[in-house]
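A short worksheet on the structure shown next.
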Number of protein chains: 2
Amino acid sequence: MAQSDTVDRILDAAEELFADRGFSETSLRMITSKAKVNLAAVNYHFGSKNALIHAVFARFLTPFSATLENAFDDLEARCEGEPPTLNQTLWALTESAVRMPQRNEKGISIFMRLLGLAYTQSQGHLRKFLEQEYSQPFSRFMRLLKEATPQLSSVDRYWRIQFMLGATAFTMSSSDALRDILQNKLGVETTVQEIAARLVPFLAAGMQAEDAMLVPPAHKSSVA
Amino acid sequence: MAQSDTVDRILDAAEELFADRGFSETSLRMITSKAKVNLAAVNYHFGSKNALIHAVFARFLTPFSATLENAFDDLEARCEGEPPTLNQTLWALTESAVRMPQRNEKGISIFMRLLGLAYTQSQGHLRKFLEQEYSQPFSRFMRLLKEATPQLSSVDRYWRIQFMLGATAFTMSSSDALRDILQNKLGVETTVQEIAARLVPFLAAGMQAEDAMLVPPAHKSSVA
DNA sequence: TTGCCGGTCAAACGTATGTTTCAAACAGAC
DNA sequence: GTCTGTTTGAAACATACGTTTGACCGGCAA
């Protein structure tokens, strides 16, 4: 009943509300009333709303980055010196995300949505916090990407990584809404795992597209 | 000096601040002080903050959707019954965006960033407004995409369109910052047109990737 | 001149926010 | 049981927000 209960209830409520509505649009009063906790508890246990946001991210990002490091270790061990392929690298990332122990069935999509928001919403303090705390697995991922696409120029690779990040962050940040639309329009249920499974081939194909052409194609030209 | 000046100054300031910081994080007082205009002017000329947001979008979205319809008309006319290819359709869109008359050099990236925010930030009123006002060119683009990718299932196509939107909105929305990073890291200058020229092949390749596999690949499997 | 009206201005309104305060309740050690 | 440090509770605080008000200005028609 002591600290851990209140702290966890606050984190649970905050996580869900942040994912639903964003950070600025979620007030401490919404959080504390959803958590059935006194308003002052947030500032008592966390110090400030920003610190609460950091705590929400740390709670899933710290174990996730550990899982991810292990996945990368395994991958590199299996490859015995050969650099892992692009597909392998992307799958190591998505599998680590999907296989994370989840607090409830919405765990993964909340997780993804929060990451998308972190990129999208211009919360300077959040970006600083994430860069300070989790730069290592991020850099390692970037290195693996580089080794998996030696045919790309640095500039091409740079931009294509941005495109991948964008497709991922954007899709995940609105994945609930997108799933709803899909269900209403086509009557199809979708899990986050399936979205990820659709996303990875898209990213891999885009990443390995023919060299970017710097002029529009002639009329009536075909693709491929 | 009369109405138009104040109205435009408010729109200019709001557009830039919204693109920089998001909607909820931008107060009317920030806007009016940047625009050097009295606080009450916003409510006088627009009625409310939400209506101002709508006006900001309408100012560039209305001419853009007209330009886009023309580009699609031209494209379909040139194709004489044959459905335009995916590459042609994507180029028609990007060219329309890039060729729009811009108020300043940041015009395009602000434009893109706002579109990304509209999708990402959970502003129900905005989504409703955009759907009501601009459903026609959007539906037409969707139809062209569908005809250009008959091999895809509806569900695959739906998700891949989301991935394209994400890569585009995300990249363009932060293209200023990304360009700066690129210049510092690699010493390369980049224009929005060049980014678009890199983006289109990435999108086309991703859109036409092999069917999504719903399980991770076996170890050490290659891509392509 | 007079009257009017679209536009601007400083000031205030009511509300919601994050944060702080301080007394009460609690737990565990002695 | 008493003491001590920690956690909760209701209330208040200061601030920022979107919006409204009513006085004021300037041009223009009558």
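If you're wondering where the values come from, they're calculated on a predicted model, not measured in any experiment. The chains referred to below are lettered A, B, ... by the order of the sequence lines, with proteins before strands, and numbering in each begins at 1.
Atom CG of B:L52 is separated from atom C1' of D:dC17 by 15 Å (rounded to the nearest Å). Going from atom OH of A:Y44 over to atom C1' of C:dA23 covers 15 Å, rounded to whole Å. The nearest whole Å value for the distance from the CD1 atom in B:I53 to the C1' atom in D:dG18 is 12 Å.
Between A:R140 and A:E76 a salt bridge is recorded (basic side-chain N to carboxylate O distance below 4.0 Å). A salt bridge does not link B:R127 with B:E131: none of the charged nitrogens is closer than 4.0 Å to a carboxylate oxygen.
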Worksheet item: Could you run down nucleotides 9-19 of chain C 5' to 3' and tag each one B, S or - for protein heavy-atom contact under 4.0 Å?
Response: BB-B----BBB

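When side chains are defined from C-beta on, B:F163 does not count as touching B:L203, because their heavy atoms never get closer than 4.5 Å. Using a 4.5 Å cut-off on side-chain heavy atoms (C-beta onward), A:T67 and A:R99 make no contact.
Phosphate proximity of C:dG7 to B:T6: absent, as no side-chain N or O sits under 4.0 Å from OP1 or OP2. In terms of phosphate contacts, A:H45 brings no side-chain nitrogen or oxygen within less than 4.0 Å of OP1 or OP2 of D:dT6.
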Item to complete: Report the C-alpha distance between B:Y44 and B:T6 in whole Å, list the side-chain angles of each, state the deciding distance to 0.1 Å, and finish with yes or no for side-chain hydrogen bond (donor to acceptor under 3.5 Å, both in side chains).
Response: CA-CA 11 Å; B:Y44 176 78; B:T6 297; over 6 Å; no

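By the ring pair (Phe, Tyr, Trp, His ring centres under 6.0 Å) test, A:F129 is found to be paired with A:H54, residues two or more places apart in sequence or in another chain being considered.
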